[in-house]
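In this text, all values refer to a predicted model and were calculated from it rather than measured experimentally.
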Amino acid sequence: MRNLFLFALMSLLIINCRGKENLGTPGADEDLSSSLEDAVTTMGAMIDDQAGESYAKATPQNSLETLEEILFPKAYAAGCIRPVFKACSSGIKNSQFSDCSMFRGQVLASGEINLDYSQNDCSMDQTGDDVARTYQYELVGPRGGQLSVTSQDQEDYRGEIIGGGALLTKTSSGHSLDILGKNKIFTRNGRVLRNKSIRTISALEISGGLARGQRQVNNGQIEVIHNLAEFVATYSAQDLRWSSSCCHPVSGSLSVEYTGSLEGTAQVEFQSCGQATLERSNGDIQNVQFTYCE
């Protein structure tokens with residue numbers, strides 16, 4: 001079987017964006033909304049892999065049309081598909097991107113994701129069982145654009161080493177999620193436009209189950225480190241909940257603290273699938289619309 005993999009909007013927003021004046025600018029709306037999306041999609045990707053959830057999400061139709069009209073003279077249907085994870089082999093499951101092209105071949109994906117279980121049968125039934133998620137994949141588009149996503153080590157702007165992927169562990173009350181380190185680098189014609197690192201500084205607590213319709217995430221803190229703009233957004237989870245049809249939280253909130261070149265706090269409230277509001281301590285309110293799943 002194959003799953004529809006809706007990476008088109010993410011790659012096009014990153015690779016084909018015409019304007020670059022806001023990239024890497026501390027406090028720019030684009031930086032703050034993309035930082036938030038990085039946090040929630042990184043969190044959801046690890047849980048969804050273990051829960052066997054689809055990559056698809058319901059995207060508001062008017063938003064989809066607007067983005068496609070901006071990026072292309074006419075809209076093309078996304079056609080990026082990849083195999084599901086292969087069967088368990090000695091505690092390993094692997095998924096490789098193949099036949100993965102979007103917008104009539106204008107955007108191509110390659111690479112793989114690996115799940116490494118503590119149990120040889122890839123089970124997670126007992127307290128202490130865990131699975132490590134590592135990955136290396138690239139999206140290449142027209143006009144010299146490329147996105148690289150990797151769990152390999154990278155030094156952030158503070159001199160700290162970020163890498164290792166993610167670790168999901170069975171606990172007596174549910175599961176815990178440690179994002180050990182993820183790095184995303186956006187380049188265009190060899191020039192780095194964005195360079196971000198993501199990790200948890202305390203584990204996220206998952207209760208209720210891993211399936212979207214059951215899961216609840218509380219506590220824990222996740223950092224999104226902007227290595228060019230030199231600021232860190234730290235998110236703390238409160239009662240995050242999903243629906244069965246959405247890869248993003250549909251309710252709950254995140255408290256945010258910004259440090260570095262951008263300082264202050266904010267509060268994020270999830271409204272519905274793909275929708276949230278971000279209110280900063282200075283009174284600015286931003287409506288955030290999520291555009292992709294990982």
Could you verify whether a donor N or O on one side chain and an acceptor N or O on the other, from [X] and [Y], lie under 3.5 Å apart?
X      : Y      : answer
Asp178 : Thr169 : no
Ser255 : Gln267 : yes
Ser253 : Gln238 : yes

| request: Using the test ring pair (Phe, Tyr, Trp, His ring centres under 6.0 Å), find all partners of His175 that sit at least two apart in sequence or belong to another chain. | output: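 Not a single residue meets the ring pair (Phe, Tyr, Trp, His ring centres under 6.0 Å) criterion with His175.
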| Gln152: side-chain contact (heavy atoms from CB on, under 4.5 Å) partners, not counting sequence neighbours |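 Counting only residues at least two positions away or on another chain, Gln152 forms a side-chain contact (heavy atoms from CB on, under 4.5 Å) with Gln136, Thr150.
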| task | Taking the side chain as every heavy atom from C-beta outward, state whether Leu32 and Leu262 have any atom pair closer than 4.5 Å. | result |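 SC-SC contact between Leu32 and Leu262 confirmed.
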| Value rounded to 0.5 Å, distance of SG in Cys246 from CZ in Arg241 |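 Reported to 0.5 Å precision, the distance equals 15.0 Å.
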| said: If I take atom CD1 from residue Ile222 and atom OG from residue Ser236, how far apart are they, to the nearest 0.5 angstrom? | reply: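 If I round to the nearest 0.5 Å, the distance is 10.5 Å.
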| request: For the pair Lys184 and Glu37, find out whether any cationic side-chain nitrogen is under 4.0 Å from an anionic carboxylate oxygen. | output: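 Salt bridge: no.
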| Do the charged groups of Arg212 and Asp48 touch, with an N to O distance under 4.0 Å? |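 Salt bridge: yes.
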| message | Do Ile225 and Phe186 sit in one hydrophobic cluster, given that two such residues count as connected whenever their side-chain heavy atoms are within less than 4.5 Å of each other, even indirectly? | response |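 Shared cluster, no.
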| query | Are Leu177 and Leu167 connected in a single hydrophobic cluster, I mean Ile/Leu/Val/Met/Phe/Trp/Tyr linked by side-chain heavy atoms less than 4.5 Å apart? | reply |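 No, no single cluster joins them.
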| request: Could you label the plane-to-plane angle of the Phe231 and Tyr258 rings as parallel, tilted or perpendicular, counting under 30° as parallel and over 60° as perpendicular? | output: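 Ring orientation, 0 to 90° scale: perpendicular.
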| task | Go through the steps for Lys182 and Val149 under the test side-chain contact (heavy atoms from CB on, under 4.5 Å), then give the verdict. | result | CA-CA 7 Å; Lys182 172 182 183 177; Val149 182; 3.7 Å; yes
